[in-house]
Structures are given as structure tokens and as C-alpha cells.
Amino acid sequence: MTEQIAALQVYVGYVEKGYKIAKDGLDAIHAIKQGDFSLHDNYFSSLKNVNPTVKAYSKIAEIIAMQIKIVKVCHKQRLNMNNSKQFNSDEISYAGKVFENVLNGCTEIIDQLIMITTDGLLQMKDDERIKRIDHLYNNMQDRFSFVQHFGNDNNILAVQRMKDQNDVQVSRELYGIH
């Protein structure tokens with residue numbers, strides 16, 4: 001019986017060592033897993049923060065400056081169309097809707113720009129943010145170019161109509177028609 005007790009004590013020692021090895025192994029695995037999770041968590045959390053270099057990207061200021069120019073051009077064109085007396089109410093209404101659509105699109109671009117450049121709103125890598133800002137810049141440039149061409153076309157039409165009216169008036173005076 002003494003031999004059995006001694007053998008059981010040796011066996012208990014082996015079991016305790018086995019449990020200690022298993023516990024140490026599980027603790028090590030948990031620590032590794034927790035460390036890996038922390039690394040991933042830190043990485044994804046960092047994607048929510050906008051790099052100051054991205055915030056200082058020159059195209060951001062250019063997008064805002066273009067929007068201001070677009071607002072000014074739209075306002076000036078509306079005034080020019082009204083003051084020229086060369087456009088009827090339907091034409092002025094149509095141009096107003098065109099300008100309104102352009103300005104609404106500009107607002108959407110600025111809203112997206114704010115989301116891209118504000119910490120905590122979007123998870124994006126720096127290169128993804130830059131690509132998205134470049135895309136918004138191109139969209140704003142397209143809107144600016146459109147507004148300029150549309151305004152120039154309206155100005156040309158107004159001048160052409162004034163010229164036509166002047167030609168009619170000169171013809172009436174030449175031929176004595178009142």
C-alpha cells in the first residue's frame with residue numbers, strides 16, 4: 001500500500017506538471033491572441049484618424065475655392081440674365097434650375113470632403129483618402145467648367161439677341177418703319 005501511495009504521489013506530481021504546462025501554454029496562446037487582436041484593433045482604429053498630411057493636401061483648399069467661384073459665377077449669371085432683359089421667364093427659370101443643380105452637386109462634394117477629412121467618420125487608408133479627394137477635385141472642376149461654359153453661352157446669346165434687336169431697329173429707321 002505504501003508503494004501504491006508513493007506511486008500515486010509521483011503520478012500526482014506528473015499530473016500537476018502537465019496541468020501547469022497546459023495552463024502556461026493556454027496563457028501564452030491567450031496573450032498572443034490578445035496581442036494580435038490589439039494590433040488589429042489599433043490598426044483599424046488608426047484608419048479612422050486622418051493623417052495631418054492628408055488634411056493639408058492642397059486639393060482640399062482648391063475644391064473649396066472652386067465651390068466659392070461656382071457660387072459667385074451662378075449668382076452673377078442669374079443677375080446678368082435678369083438685367084439683360086434678353087431672356088424670357090421660362091429661360092430664366094431653366095437657367096435657375098441648372099444653377100441650383102450645380103450648386104447642390106457642389107454641396108454634396110463638400111459634404112463628402114468633410115467626411116473624408118474628419119477623424120472618426122470613415123475607415124480609410126491615406127492613399128484611399130487621397131484618391132477620393134482627387135476624385136472630388138475632378139468632379140468640382142467639371143462643375144466649374146460647366147458653369148463657365150453655360151454662363152458664356154448665355155452671355156453670347158444675350159449679346160446676339162441685343163445685336164439682332166439693334167439690327168431690326170436700324171433697319172426700321174433706314175426704311176422709315178415705326
Please name all residues satisfying side chain to side chain contact (heavy atoms under 4.5 Å, CB included) with I68, sequence neighbours left out, ordered by chain then number.
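Side chain to side chain contact (heavy atoms under 4.5 Å, CB included) list for I68, sorted by chain: I64, K72.
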Given side chain to side chain contact (heavy atoms under 4.5 Å, CB included), test F87 with L157 step by step and report yes or no.
CA-CA 9 Å; F87 298 96; L157 181 58; 3.7 Å; yes
Reported [atom1]-to-[atom2] distance for the pair [X] and [Y], which is rounded to 0.5 angstrom:
| X | Y | atom1 | atom2 | result |
| --- | --- | --- | --- | --- |
| Y94 | M81 | OH | CE | 10.0 Å |
| N82 | Q77 | CG | CD | 11.0 Å |
| K163 | Q160 | NZ | CD | 6.0 Å |
| C106 | L136 | SG | CG | 11.5 Å |
| I109 | Q141 | CD1 | CD | 10.5 Å |
| M124 | T117 | CE | OG1 | 11.0 Å |

Co-membership, hydrophobic cluster, residues [X] and [Y], 4.5 Å side-chain:
| X | Y | result |
| --- | --- | --- |
| Y175 | V170 | yes |
| V71 | L79 | no |
| V54 | M115 | yes |

Check: [Y] and [X] side chains under 4.5 Å, non-hydrogen atoms:
| X | Y | result |
| --- | --- | --- |
| V50 | I116 | no |
| N80 | N154 | no |
| D142 | F146 | no |
| I92 | N88 | no |
| D134 | I130 | yes |

What closest approach, in Å, do I70 and M140 show between heavy atoms, and which atom pair accounts for it?
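Between these two residues, the closest heavy atoms are CD1-SD, 3.8 Å.
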Taking all heavy atoms of N49 and all of R129, pick out the closest pair and write down the distance.
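Heavy atoms only, the tightest pair is O-NH2, 4.2 Å.
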Assess whether a salt bridge exists between R161 and E91, defined as any Lys/Arg side-chain N lying under 4.0 Å from an Asp/Glu carboxylate O.
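A salt bridge links R161 with E91.
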Please determine if D119 and K55 form a salt bridge, counting it only when a charged side-chain N lies under 4.0 Å from a carboxylate O.
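A salt bridge links D119 with K55.
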What residues form a side-chain hydrogen bond (donor to acceptor under 3.5 Å, both in side chains) with N139, not counting sequence neighbours?
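In terms of side-chain hydrogen bond (donor to acceptor under 3.5 Å, both in side chains), with neighbours along the sequence ignored, N139 is linked to H135.
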Verify side chain to side chain contact (heavy atoms under 4.5 Å, CB included) between I63 and Y57, making sure each step is shown before the conclusion.
CA-CA 11 Å; I63 289 170; Y57 188 39; over 6 Å; no
For the backbone of [Y] and the side chain of [X], can you confirm whether one donor and one acceptor N or O come within less than 3.5 Å of each other?
| X | Y | answer |
| --- | --- | --- |
| S93 | S89 | no |
| N152 | Q148 | yes |
| T118 | I114 | yes |

Given D126, which partner from the list N51, T53, L47 fulfils the side-chain contact (heavy atoms from CB on, under 4.5 Å) test?
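Option passing the side-chain contact (heavy atoms from CB on, under 4.5 Å) with D126: N51.
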Kindly determine whether Q86 and Q165 satisfy side-chain hydrogen bond (donor to acceptor under 3.5 Å, both in side chains), including the steps that lead there.
CA-CA 10 Å; Q86 298 301 313; Q165 286 175 353; 3.3 Å; yes
Is the number of heavy atoms from other residues, nucleotides or ligands within 6.0 Å of NZ (K125) greater than 12?
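Not buried by this count: 12 neighbours or fewer within 6.0 Å.
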Please determine whether the number of non-hydrogen atoms from other residues, nucleotides or ligands lying under 6.0 Å from atom CD of Q169 exceeds 12.
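Atom CD in Q169 is crowded, with more than 12 foreign heavy atoms closer than 6.0 Å.
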Test item: side-chain donor near acceptor, N104 and E108, under 3.5 Å
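Side-chain D/A pair, N104 to E108: absent.
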Begin from the C-alpha positions of R143 and Q67 and carry the test side-chain hydrogen bond (donor to acceptor under 3.5 Å, both in side chains) through to its verdict.
CA-CA 9 Å; R143 291 182 187 287; Q67 187 206 23; over 6 Å; no
